[in-house]
Amino acid sequence: MNIEAKDLSKIYGEGENRVTALDRASLTISPGDFISIIGPSGSGKSTLLHLLSGLDRPTGGRLCYDGRDIYSLSDKELSAFRRQRIGFIFQQFHLLPVLTARENIVMPRLLDKKQPDEAYLQELARMLGIQDRLTHLPHELSGGQQQRVAIARALIAKPDVIFADEPTGNLDSRSGSEVMELLKTVGKDMGKALVVITHDSRIAAMAERRLSIVDGVLSEVGAG
């Protein structure tokens with residue numbers, strides 16, 4: 001799936017209170033891309049991710065997935081589109097504490113009233129090294145294991161693109177590096193586009209395409 005953002009903008013407030021969080025950002029994302037977007041706190045990088053993934057609607061601009069402007073969809077249609085085509089990984093793991101790792105992973109499929117592909121689930125668990133943790137509750141898992149469960153949940157619906165917002169922010173440096181290597185490997189092996197938002201230059205440098213955002217202005221700074 002090809003994604004094209006054209007002149008995406010997000011403006012809050014009016015008059016003296018007007019704040020431009022994102023200023024006419026344009027970006028293309030192709031299957032298999034590994035893209036990092038780096039910027040300091042308040043630069044607009046999370047705003048950009050929310051717009052690229054359909055979690056928020058822009059003030060201006062267009063976002064097309066295979067030529068279809070997803071902002072033309074109703075809220076209900078857009079919600080279903082996100083569940084089925086987009087995977088999300090956040091700094092906070094957002095695992096439900098009363099559910100096992102397996103139950104957390106398959107939740108998106110159940111929300112769509114679909115049964116998970118058991119063979120695919122087991123393949124994900126093997127790739128992520130959590131085969132023996134599927135019956136554990138989140139509090140019985142380390143931070144790195146919880147993030148691996150969150151990655152499996154993001155992948156269970158076989159999305160076309162994965163958006164990760166500071167995915168290593170709650171992990172120590174060793175666990176963070178392991179998680180990023182896993183994300184990179186899984187994305188490449190499965191042909192998924194991966195877009196990582198980060199403030200960490202070491203994480204950003206792992207990407208094949210690197211972009212920077214400062215004061216809401218996006219620019220491409222290099223390729224690996």
Side-chain angles (χ1 to χ4, degrees), residues 1 34 36 45-46 49-50 52-56 70 75-198 200 203 206:
M1 182 171 66
F34 178 15
S36 66
K45 58 185 186 296
S46 289
L49 181 141
H50 290 163
L52 289 174
S53 61
L55 286 173
D56 194 9
I70 67 168
D75 287 344
K76 183 177 180 180
E77 290 171 333
L78 184 54
S79 179
F81 180 86
R82 287 195 304 264
R83 287 198 307 272
Q84 296 161 13
R85 306 292 298 276
I86 300 173
F88 296 96
I89 303 167
F90 299 101
Q91 178 176 344
Q92 305 293 337
F93 311 128
H94 295 309
L95 301 180
L96 295 173
V98 298
L99 299 183
T100 65
R102 184 189 189 282
E103 289 166 340
N104 270 285
I105 292 169
V106 302
M107 180 61 67
R109 302 304 289 154
L110 301 182
L111 289 174
D112 270 333
K113 298 180 172 57
K114 295 180 180 178
Q115 289 300 310
D117 180 335
E118 191 62 36
Y120 179 62
L121 171 58
Q122 293 301 322
E123 179 188 359
L124 283 179
R126 179 189 58 76
M127 291 180 69
L128 294 167
I130 53 173
Q131 312 97 303
D132 59 348
R133 293 290 185 268
L134 294 179
T135 59
H136 289 59
L137 295 170
H139 76 268
E140 298 173 318
L141 305 173
S142 69
Q145 289 169 343
Q146 290 185 61
Q147 191 61 296
R148 291 168 190 238
V149 171
I151 293 170
R153 180 183 58 194
L155 290 166
I156 193 65
K158 303 180 182 179
D160 297 293
V161 59
I162 305 160
F163 290 105
D165 192 356
E166 300 282 8
T168 63
N170 276 342
L171 303 176
D172 59 55
S173 58
R174 179 180 175 182
S175 295
S177 295
E178 289 176 353
V179 163
M180 283 306 304
E181 287 293 347
L182 277 169
L183 269 176
K184 184 177 181 179
T185 300
V186 169
K188 189 169 292 291
D189 288 353
M190 295 188 170
K192 310 296 185 186
L194 173 62
V195 181
V196 177
I197 301 291
T198 185
D200 188 331
I203 299 299
M206 296 176 68

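If you're wondering where the values come from, they're calculated on a predicted model, not measured in any experiment.
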For [X] and [Y], work out which heavy atoms get closest and say how close.
{"X": "V149", "Y": "N104", "result": "CG1-CB, 4.3 Å"}
{"X": "L78", "Y": "G54", "result": "CD2-O, 3.5 Å"}
{"X": "L110", "Y": "P116", "result": "CD2-CD, 4.4 Å"}
{"X": "F163", "Y": "L49", "result": "CB-CD1, 3.9 Å"}
{"X": "R85", "Y": "M1", "result": "NH2-SD, 3.1 Å"}
{"X": "F93", "Y": "G143", "result": "CZ-O, 3.5 Å"}

Side chains of [X] and [Y]: closer than 4.5 Å at any heavy-atom pair?
{"X": "F88", "Y": "D165", "answer": "no"}
{"X": "D200", "Y": "E166", "answer": "no"}
{"X": "Q146", "Y": "P138", "answer": "yes"}
{"X": "K184", "Y": "F34", "answer": "yes"}
{"X": "I151", "Y": "M127", "answer": "no"}

Query raised in the report: Are the side chain of S79 and the backbone of D75 linked by a donor-acceptor contact shorter than 3.5 Å?
Result: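 No, because the side chain of S79 does not come within donor-acceptor range (under 3.5 Å) of the backbone of D75.
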
Query raised in the report: Hey, is the main chain of P159 close enough, under 3.5 Å, to the side chain of K192 for a donor-acceptor pair?
Result: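 Side chain of K192 to backbone of P159, a donor-acceptor pair under 3.5 Å: yes, one is there.
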
Query raised in the report: Under the side chain to side chain contact (heavy atoms under 4.5 Å, CB included) criterion, do I105 and L134 qualify, and how do the steps go?
Result: CA-CA 9 Å; I105 292 169; L134 294 179; 3.9 Å; yes

Calculate, to the nearest 0.5 Å, the distance between atoms [atom1] and [atom2] belonging to [X] and [Y] respectively.
{"X": "H50", "Y": "K45", "atom1": "NE2", "atom2": "NZ", "result": "11.0 Å"}
{"X": "S46", "Y": "I197", "atom1": "OG", "atom2": "CD1", "result": "6.5 Å"}
{"X": "Q147", "Y": "R153", "atom1": "CD", "atom2": "CZ", "result": "8.5 Å"}
{"X": "Q131", "Y": "L121", "atom1": "CD", "atom2": "CG", "result": "11.0 Å"}
{"X": "R148", "Y": "L182", "atom1": "CZ", "atom2": "CG", "result": "4.5 Å"}
{"X": "I162", "Y": "S53", "atom1": "CD1", "atom2": "OG", "result": "13.0 Å"}

Report task. Begin with the C-alpha distance, continue with both residues' side-chain angles, and end with the deciding distance and a verdict on side chain to side chain contact (heavy atoms under 4.5 Å, CB included) for Q145 and E140. Result -> CA-CA 9 Å; Q145 289 169 343; E140 298 173 318; over 6 Å; no

Requested in this report: Could you please spell out the steps behind the side chain to side chain contact (heavy atoms under 4.5 Å, CB included) verdict for V196 and M180?
Outcome: CA-CA 10 Å; V196 177; M180 283 306 304; 4.1 Å; yes

Query raised in the report: Sequence neighbours excluded, which residues qualify as ring pair (Phe, Tyr, Trp, His ring centres under 6.0 Å) partners of F81?
Result: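 Testing F81 for ring pair (Phe, Tyr, Trp, His ring centres under 6.0 Å), a comparison that skips the adjacent residues, returns Y65.
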
**Report entry** Worked check of side chain to side chain contact (heavy atoms under 4.5 Å, CB included) between E103 and M107
**Finding:** CA-CA 6 Å; E103 289 166 340; M107 180 61 67; 5.9 Å; no

Query raised in the report: Parallel, tilted or perpendicular: which describes the rings of H94 and F90, with under 30° parallel and over 60° perpendicular?
Result: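 Perpendicular.
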
**Report entry** Within 6.0 angstrom of Q115 CD, more than 12 heavy atoms from elsewhere
**Finding:**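 Open.
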
**Report entry** Option among L183, L194, T168 that satisfies the side-chain contact (heavy atoms from CB on, under 4.5 Å) test with I89
**Finding:**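 One option only clears the test, and that one is L183.
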
